[in-house]
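Not measured: the values here are computed from a predicted model. In what follows, every chain begins at residue 1, and chains take the letters A, B, ... in the order their sequences are listed.
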Protein chains: 2
Amino acid sequence: MDRKQWILDAATECFSEYGYKGTSVEQVAKRANVGKGTIYTYFKNKEELLQVIMMRVVQRFELSLEKNVVAHVPFHENAQQVLKDFLKFQKENALTFQLFKEMRELKTAEVVTIVQEFEDCILALLKKQLNVAVQNGEIVACNLELTAFLTYHMYLALVAEWSKRHKPLTDEEISKVFQLFFCGGLMR
Amino acid sequence: MDRKQWILDAATECFSEYGYKGTSVEQVAKRANVGKGTIYTYFKNKEELLQVIMMRVVQRFELSLEKNVVAHVPFHENAQQVLKDFLKFQKENALTFQLFKEMRELKTAEVVTIVQEFEDCILALLKKQLNVAVQNGEIVACNLELTAFLTYHMYLALVAEWSKRHKPLTDEEISKVFQLFFCGGLMR
DNA sequence: AAAATGACCGATTTACAAAAATGGTCAAAT
DNA sequence: ATTTGACCATTTTTGTAAATCGGTCATTTT
């Protein structure tokens with residue numbers, strides 16, 4: 001019935017399995033049981049297809065966070081929740097996993113753009129959390145943009161880079177490191 | 001006279017300019033004014049040539065640090081000095097700059113290995129600084145390996161990643177961020 | 001009339017073989 | 001005892017013919 005949804009579903013499956021570049025429009029059409037031309041009556045081009053899919057993914061991501069981020073909880077716990085959910089999301093969403101990989105390895109232009117937007121969304125969420133915490137007087141005033149950026153990259157280093165040469169860190173270990181840097185810092 | 005040094009100098013120039021993969025052994029021989037066979041009387045193969053060169057670079061790097069890292073100075077200042085010197089070193093050494101680039105872009109196996117060893121050397125220096133600071137009771141006890149790792153990656157994020165989409169940070173700004181996270185942390 | 005379609009188009013990518021270049025060896029030259 | 005470049009097997013590059021791609025649109029289907 002809803003041919004547009006058929007196409008979106010088929011495209012999501014294909015992109016998840018073969019990546020963006022590795023998926024042809026005809027392949028999507030085949031899996032969606034529509035003609036190739038039909039896709040172009042609903043979407044301007046292949047890139048828009050990915051954009052619409054990712055827009056919805058981002059919406060789901062933001063929704064999944066609203067449940068987990070709560071007021072009256074220390075910032076570093078909420079921030080960590082945002083990042084933990086991001087990781088969980090990656091694990092459960094073959095699509096974003098595949099796209100992050102494609103960005104790193106093939107650097108497909110359209111994919112780089114879309115993944116950057118996804119990262120911007122995560123950064124915006126962290127920034128929002130930071131802002132609330134500053135307003136509450138919970139944390140010291142600081143460059144929100146930069147601090148959110150650094151928080152995100154600290155997390156990436158801990159979960160992605162560290163595991164390349166060490167035993168992956170448990171959630172508790174990551175939590176401990178975050179606590180160390182956020183509350184109190186290193187110095188006695 | 002010292003043919004071995006001629007070869008090392010020529011190879012350093014070539015690797016700096018064209019990268020490891022982009023440099024042929026014959027090219028090195030030409031620039032060193034020796035026959036190709038001569039190179040193999042001093043070095044087992046092309047990889048060992050790079051290894052010997054990098055060994056010396058690491059020695060120079062460690063030497064350049066000894067001057068700048070001093071006792072009775074807060075850890076975060078010494079740590080930052082290590083990292084700042086690393087960056088300065090990168091700027092002044094076309095070789096390491098080229099190799100880091102080749103590792104990221106071409107992922108040449110031999111280069112990945114050698115650069116990793118260089119990074120390990122930086123991490124060891126940071127760890128050493130951390131250890132001294134812990135012994136002094138200057139900073140809290142923590143996983144030294146992990147903390148050094150995170151410090152290094154925070155720095156990379158600030159100087160390399162941030163500039164990809166923002167105006168590069170000044171030394172003062174970087175210093176301020178480090179101070180924020182190391183002394184006192186974010187929380188009030 | 002509106003929606004769907006696949007043959008078709010120019011452009012890009014792939015497949016593949018021939019040619020060139022590379023890392024490394026070694027008998028001959030120095 | 002040391003140096004060397006012709007030489008070898010392997011890898012990389014190159015040229016190009018074939019295949020595939022994203023996107024269009026006249027025709028067909030609903």
Open item on the list: For A/F61 and A/F118, I'd like to know if the aromatic rings sit close, meaning centre-to-centre distance below 6.0 Å.
Closed with: yes

Open item on the list: Closer than 4.0 angstrom, basic N to acidic O: yes or no for A/E17 and A/R31?
Closed with: yes

Task: Footprint string (nucleotides 1-8 of chain D, 5' to 3'): B base within contact, S backbone only, - free, heavy atoms under 4.0 Å - done: --BBB---

Task: Atom pair distance, as rounded to whole Å: CG in A/N45 and C1' in D/dT24 - done: 13 Å

Task: A/T108 side-chain N/O to A/K21 backbone N/O, donor-acceptor pair under 3.5 Å - done: no

- [ ] For B/F15 and B/Q98, work out which heavy atoms get closest and say how close.
- [x] O-CG, 3.3 Å

Open item on the list: How many whole angstroms separate atom CD of A/E110 from atom C1' of D/dC21?
Closed with: 13 Å

- [ ] Kindly assign one of parallel, tilted or perpendicular to the pair B/F182 and B/F75, based on the angle between their ring planes and the thresholds 30° and 60°.
- [x] perpendicular

Task: Whole-Å gap separating P (D/dG23) and CD (A/E26) - done: 13 Å

TODO: Give the C-alpha distance, both sets of side-chain angles, the deciding distance and a yes or no for salt bridge (charged side-chain N to carboxylate O under 4.0 Å, His left out) between B/E173 and B/K176.
DONE: CA-CA 5 Å; B/E173 284 170 313; B/K176 213 168 143 189; over 6 Å; no

- [ ] Using atom CG of B/L106 as one end and atom C1' of D/dT12 as the other, report the distance to the nearest whole Å.
- [x] 13 Å

TODO: Return the 5'-most residue of the pair A/K44, A/G22 with respect to DNA chain D, ranking by each residue's nearest nucleotide.
DONE: A/G22

Open item on the list: Using modelled atom types and a 3.5 Å cut-off, is there a donor and acceptor pairing between side-chain atoms of A/T113 and backbone atoms of A/A109?
Closed with: yes

TODO: Quick one: sort the B/H153 and B/F149 rings into parallel, tilted or perpendicular, breaks at 30° and 60°.
DONE: tilted

- [ ] Walking along DNA chain C from 5' to 3', note the first and the last nucleotide with an atom under 4.0 Å from a heavy atom of chain B, and give both.
- [x] C/dT22 to C/dT25

